[in-house]
Protein chains: 2
Amino acid sequence: MARWEPDARLRLVQAAIDLYAEQGYETTTVAQVAERAGLTKATFFRHFPDKREPLFAGQEEHGSLLSEGAARAPEGATPLEVVGAALDHATAAFTPEQRAWGPRLHAVVGSSDELRERAAFKRAHLVGVLTEALHRREIDDPTAGIAAGLGVDAFHRAFDRWSDGEGPSYGELARAELHALYTAAATLR
Amino acid sequence: MARWEPDARLRLVQAAIDLYAEQGYETTTVAQVAERAGLTKATFFRHFPDKREPLFAGQEEHGSLLSEGAARAPEGATPLEVVGAALDHATAAFTPEQRAWGPRLHAVVGSSDELRERAAFKRAHLVGVLTEALHRREIDDPTAGIAAGLGVDAFHRAFDRWSDGEGPSYGELARAELHALYTAAATLR
């Protein structure tokens, strides 16, 4: 019965963000999201287990990109350089669609405890994945965990700044945020 | 109808940790937790909204202690000193009961995506509260957020080490973890 739905996933994400922003996350149903996307409820559930997940559709891709980028940093790179390489590689995830929907996505996630909880879990997931990538480069804990935490915070802060306007590229912002976070961390004493 | 239940909350936490560790989180019901604690389901729901929450019963207290401790640091304290003062004050939360149930709590939370997600949200909550306490001391972002993140990570790492054995006091471990995390952060470059 499955039709050919080349961009079904993207359409569901777009429809979810639009509807949650327009009429509220709590009151929107999966059926409404599917209808807005021109798809069936069954198709929604082939792509996502529940109505939260379209908002976090990028989690696995973001983790993979950060991990691959970390692996590609030159031999002998410092922990901060490895994280910088991870962020450079993650730039591939950030399309014009995402820039356009960023502010609405941010507002929707901030509107619900359930979604803020899910966002915290996404952070923990990405920190875990990036920490493992640093371990594979023989960077141990606690250094690996700290570097990964700063990297993922830079990743999210750069997304918020990038999707907010017409400014620098995502990659430039992510590097700048990482530098700012590292500088702050190094001068806490 | 409410009976006098001076330690109902603590008994429910203890019963939840015990049962989830013995027979699994997914398969344990609220009714079973209440029964193990010698209380009714209605009493459970007066203390907690669902079966996850007994495992995170300390969240509000931990946030308040960190926040109060930060407020009590001497004038002119650096961000790291303020966070150290917050951790010192949080020591008040750590009773012998908690030392005893720490390893089981850690294992139970690690056994379930739902609980690991809730734990990530607790981290985000504590980082938020501590960041606000640092703002009130005129420490700005990103410094405040970074200092709070390191502080909350030290808070959790110290809890895991402390509840694992008969070693140093919680306060000593928290200070040592904070120092180790700061040192790691300052040498990432």
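Scope of the values below: all heavy atoms of this structure, side chains included, with no hydrogens, waters or symmetry mates. So that the names make sense, note that chain A is the first sequence line, chain B the second, and so on, each numbered from 1.
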Suppose a student defines contact as a heavy atom less than 4.5 Å from any heavy atom of chain B. Which residues in residues 114-126 of chain A would they list? A/Arg116, A/Glu117, A/Arg118, A/Ala120, A/Phe121, A/Arg123, A/Ala124

Can you pull out the residues in residues 73-81 of chain A with any heavy atom less than 4.5 Å from chain B? A/Thr78, A/Pro79, A/Leu80

Does [X] share a hydrophobic cluster with [Y], counting links as ILVMFWY side-chain heavy atoms below 4.5 Å and allowing steps through other members?
X        : Y        : result
B/Val127 : B/Val129 : no
B/Leu19  : B/Ile17  : yes
A/Leu87  : A/Phe94  : yes
A/Leu65  : A/Tyr170 : no

Quick check: under 4.5 Å, non-hydrogen atoms only, which of residues 138-154 of chain B neighbour chain A? B/Pro142, B/Thr143, B/Ile146, B/Ala147, B/Leu150

For the NE2 atom on A/His156, are there more than 12 heavy atoms of other groups (residues, nucleotides or ligands in this structure) within a distance under 6.0 Å? yes

Determine whether more than 12 heavy atoms belonging to other residues, nucleotides or ligands lie under 6.0 Å from atom NE2 of A/His135. yes

Please name all residues satisfying side chain to side chain contact (heavy atoms under 4.5 Å, CB included) with B/Ser163, sequence neighbours left out, ordered by chain then number. B/Pro103, B/Phe159

Any donor-acceptor N/O pair, B/Tyr182 side chain to A/Ala186 backbone, under 3.5 Å: yes

